[in-house]
Amino acid sequence: MKLVVASHNPVKINAVAEAFAKTFPEQEFELEPINVPSGVADQPASDGETLLGAKTRAENAAQALSEADYTVGLEGGIDTIDGQLFTFAWMAVRTKDGKIATARTSTLPLPPRVAELLNEGFELGDAMDRVFNAHNTKQKGGAIGLLTDGLYDRTGTYVQALCFALVAIKNELF
């Protein structure tokens, strides 16, 4: 099975590998990362924009590497609900025949100082690094790792959502 991940971020690559291994334990697969455009802002600022980014990445990866059995787009985003800024991510898994399965991660509230930096144009990972005096958060535990003191991390959150997206594929729910 050939998998293409629309990212070179090790967190995203590892999450895809783990989710497919858990969901399809009897399958062997080759995983290839690729950079493709999301078609949305570098920091998507709504649920819909974030979902569109994940789907577009999966579609663009399929166009770039048509021999792939599955292409996967992962897109992190933010949205304000009742005055509180939250972060989450959408996963989109595209089958070779063009069907797309999606699922979203948990929603995590963000501190006011992070929200201020996002309003100034920072991306979430950079804002988290600045507020928490961290380095390269987005390729490590992510905002969830910092805010939960390592109780949860970005990879695990992505694995769970990817496994949920793969439910539609494994059970032919299209």
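Everything numeric here is computed off the predicted structure, so don't read it as measured data.
Using a cut-off of 4.0 Å between Lys/Arg side-chain N and Asp/Glu carboxylate O, E59 and K55 are scored as not salt-bridged. We find that K140 and D153 are not joined by a salt bridge, their nearest charged nitrogen and carboxylate oxygen being 4.0 Å or further apart.
The two atoms that bring A15 and Y158 nearest to each other are CB-CB, 3.6 Å, heavy atoms only. Heavy atoms only, all atoms of each residue included: T56 and P37 are closest at CG2-O, 4.0 Å. Closest non-hydrogen pair, A143 versus L108, comes out as C-CD2, 4.0 Å. Scanning both residues, R57 and G73, for their nearest heavy atoms gives CB-CA, 3.8 Å. When all heavy atoms of A103 and A165 are compared, the pair lying nearest together is CB-N, 3.6 Å. Closest of all the heavy-atom pairs between L110 and Q84 is O-NE2, 2.9 Å.
By the 4.5 Å heavy-atom criterion applied to side chains, R104 and L51 are not counted as neighbours. At least one side-chain heavy atom of F174 sits under 4.5 Å from a side-chain heavy atom of I169. Counting heavy atoms from C-beta outward, L3 and E30 have side chains that stay 4.5 Å or more apart. The closest side-chain heavy-atom distance from M91 to V72 is not below 4.5 Å. In this structure, the side chains of T95 and D69 stay at 4.5 Å or more apart for every pair of heavy atoms.
For CZ of R113, the number of neighbouring non-hydrogen atoms (other residues, nucleotides, ligands) closer than 6.0 Å is greater than 12. Atom OH of Y152 is surrounded by 12 or fewer heavy atoms from other residues, nucleotides or ligands within 6.0 Å. K96 NZ: more than 12 foreign heavy atoms inside a 6.0 Å radius. By the neighbour-count criterion of 12 heavy atoms within 6.0 Å, atom CD of E67 is densely surrounded, having more than that number from other residues, nucleotides or ligands. The environment of E120 atom CD is dense: over 12 non-hydrogen atoms of other residues, nucleotides or ligands sit within 6.0 angstrom.
Looking at S46, its side chain does come within 3.5 Å of a backbone N or O of E49 through a donor-acceptor pair. Side-chain atoms of D126 do not come within 3.5 Å of backbone N or O of F122 as any donor-acceptor pair. With hydrogens and angles ignored, the 3.5 Å screen pairs no side-chain donor or acceptor of T23 with any backbone N or O of C163. Here the side chain of E75 pairs no donor or acceptor atom with the backbone of V40 at under 3.5 angstrom. Side-chain atoms of N35 do not come within 3.5 Å of backbone N or O of S7 as any donor-acceptor pair. With K12 contributing its side chain and L74 its backbone, the two residues share a donor-acceptor pair below 3.5 Å. Listed for the N9 side chain is a donor-acceptor partner under 3.5 Å among the backbone atoms of V11. Proximity of a side-chain donor or acceptor of T105 to a complementary backbone N or O of A89 within less than 3.5 Å is detected. Although no hydrogens or angles enter the test, the distance criterion places a donor-acceptor pair under 3.5 Å between the side chain of T71 and the main chain of A58.
Rounding to the nearest 0.5 Å gives a distance of 9.5 Å between CG of L118 and CE of M128.
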Would you check, one step at a time, whether the test side chain to side chain contact (heavy atoms under 4.5 Å, CB included) holds for E32 with V5?
CA-CA 6 Å; E32 182 174 344; V5 182; over 6 Å; no

Working note: T102 + I100, criterion side chain to side chain contact (heavy atoms under 4.5 Å, CB included); need CA distance, chi angles, decisive distance, verdict.
CA-CA 7 Å; T102 60; I100 296 182; 3.9 Å; yes

Evaluate the side chain to side chain contact (heavy atoms under 4.5 Å, CB included) criterion for residues F24 and L166: first the C-alpha distance (whole Å), next the side-chain angles of each, then the deciding distance (0.1 Å), finally the verdict.
CA-CA 9 Å; F24 302 104; L166 291 171; 4.2 Å; yes

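Between F20 and Y70, the ring planes are tilted. Angles from 30° to 60° get that label.
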